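Notes follow the structure.
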Amino acid sequence: MKHSSLRTPFFLVDRKKMKANCDQLLTKAEQLNVKIRPHVKTHKTMEGAILQYGGKPVGPITVSTLSEAEFYSTESSDILYGFPITPDKFPTIAELNINNDVCVVSDHPEIIRRLSDFLEGTETNVPVYLKIDAGANRAGFHHTNVEEIASAAQLIEQLPGLSFKGLMTHAHHSYAARNREESQRYTYQENKNLSRLLKALQADGIYPPEISTGSTPTTMNQAEAGVSTEIRPGNYVFYDRFQSDIGTCDREQIACFVVARVAGHYPERNQMLIDAGALAFSKDLGAQHVRKEATYGEAYEFPELQIREVSQEHGLVGSDESIDYDRFPIGTLISFIPNHSCLTAACFDKYYIEEDGNIIDIWEPVKGW
Ligand SMILES: Cc1ncc(COP(=O)(O)O)c(C=O)c1O
């Protein structure tokens, strides 16, 4: 199969780069001496999860939807549904827990009680992580609310059908870092906040079995395990322009591309039209939002070509330099690196897998909620 025979836009994965990124995390975990529970939401494929485990059977993973939990339950027996649980999802969680450990997350005692009530008579045990807000201000008990956290942990321990799995955080705010040093500061701060919390809980006789941490920026810049016992990055499989902008990876490590065709020339405004817009890239500006000239992606081989505007299927490519239109006739294929690979990959129902310039496979991500 040739790239030129494919209908555009399509999502292309450089398998060697992706494998190297996955191996980098395995080495990192070994160095830190922590377990991994990688997030699969960036790629949502079985092939990707197998790469995350270095070609071995898929171990513990984190998922973002119950569709993912169902899809992966044939290969992984230890799944964390990483979004705070709501009652509509109890039946699926109970069903999946018949053959697997499917852990849930909560920051709400009432929901914890209702889950235990729901499980009554089912002989199912659901492991529960308490979600801790260690600085991100997104979800979770604030890390300074020791009393609330302690009483929620005791509640889980006392209620039938539940077991206390530990504490989990996600340093969503680390994406505001501007460089590697700032990322490291977020990692250090998260660990400091968790460490204080842990000491206070232990003084109350509460010993969380796991301390689960990890965004891609904080994990890949983590020098010591600190209090973490498991790490859960996900974006690192592909990386993207966002991670490269904030110094988590080198541009060369980015393993995914949106391939689009030139569909129009507009020399009067120094722009070209491509057949990939917001439904191929998303509208996430990533770290670009702090820039005056934020753009939606850039051509991999021609970084001076940037996507300046997107609407549903239209993308307008501009440049600070004069575009050489002879170089990009109508129909020319251009590979773009996306700002945020998780959102971009989710726009596609198949990925073309490339190795040494050849398309060797097609992967199909799981869709839906
Ligand atoms: C709960 C949870 N864990 C882990 C991750 C993975 O983090 P990243 O996307 O930075 O790799 C996410 C991402 O949003 C998440 O929400």
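Whatever order the structure lists them in is the order used to number ligands and atoms, beginning at 1. All of these numbers come straight from a predicted model, not from anything done at the bench.
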Answer yes when Arg241 and Asp284 have at least one side-chain N-carboxylate O distance shorter than 4.0 Å, and no when they do not.
no

ILVMFWY cluster, Leu25 and Val13 together (side-chain gap under 4.5 Å)
yes

For ligand 1, which atoms, with element, lie under 4.0 Å from some heavy atom of Gly82?
1 (C)

Assess whether a salt bridge exists between Asp23 and Lys19, defined as any Lys/Arg side-chain N lying under 4.0 Å from an Asp/Glu carboxylate O.
yes

Distance-only N or O hit between ligand 1 and Asn235, under 3.5 Å
yes

Would you check whether His39 has a nitrogen or oxygen atom less than 3.5 angstrom from a nitrogen or oxygen atom of ligand 1?
no

among protein heavy atoms, the one nearest atom 6 (C) of ligand 1 is Arg232 O, 3.4 Å

For Ser215, take its heavy atoms, then give the atoms of ligand 1 lying under 4.0 Å from any of them.
7 (O), 10 (O)

Salt bridge or not for Glu298 and Arg251, using N-O below 4.0 Å?
yes

Please report which non-hydrogen protein atom sits nearest to atom 9 (O) of ligand 1, along with the residue it belongs to and the distance in Å to one decimal place.
Tyr175 OH, 3.5 Å

For atom 15 (C) of ligand 1, closest protein heavy-atom neighbour
His170 CD2, 3.5 Å

Subset of ligand 1 atoms that lie under 4.0 Å from at least one heavy atom of Pro233:
11 (O)

Ligand 1 versus His172, non-hydrogen atoms closer than 4.0 Å: side chain, backbone, both, neither?
neither

shortest atom 14 (O) of ligand 1-to-protein heavy-atom contact is with Lys41 NZ, 2.6 Å

Interfacing atoms of ligand 1 (cut-off 4.0 Å, heavy-atom, Gly234):
6 (C), 8 (P), 11 (O)

Are Glu210 and Arg37 close enough for a salt bridge, meaning some N to O gap below 4.0 Å?
no

Test ring pair (Phe, Tyr, Trp, His ring centres under 6.0 Å) applied to Phe11 and Phe257, Phe336, Phe348, the passing residue
Phe348

Heavy atoms of other groups near Asp324 CG, more than 12 under 6.0 Å
yes

Report the nearest protein non-hydrogen atom to atom 16 (O) of ligand 1: residue, atom name, distance rounded to 0.1 Å.
Arg138 NH2, 3.2 Å

Establish, yes or no, whether a centroid distance under 6.0 Å links the rings of Phe118 and Phe90.
yes

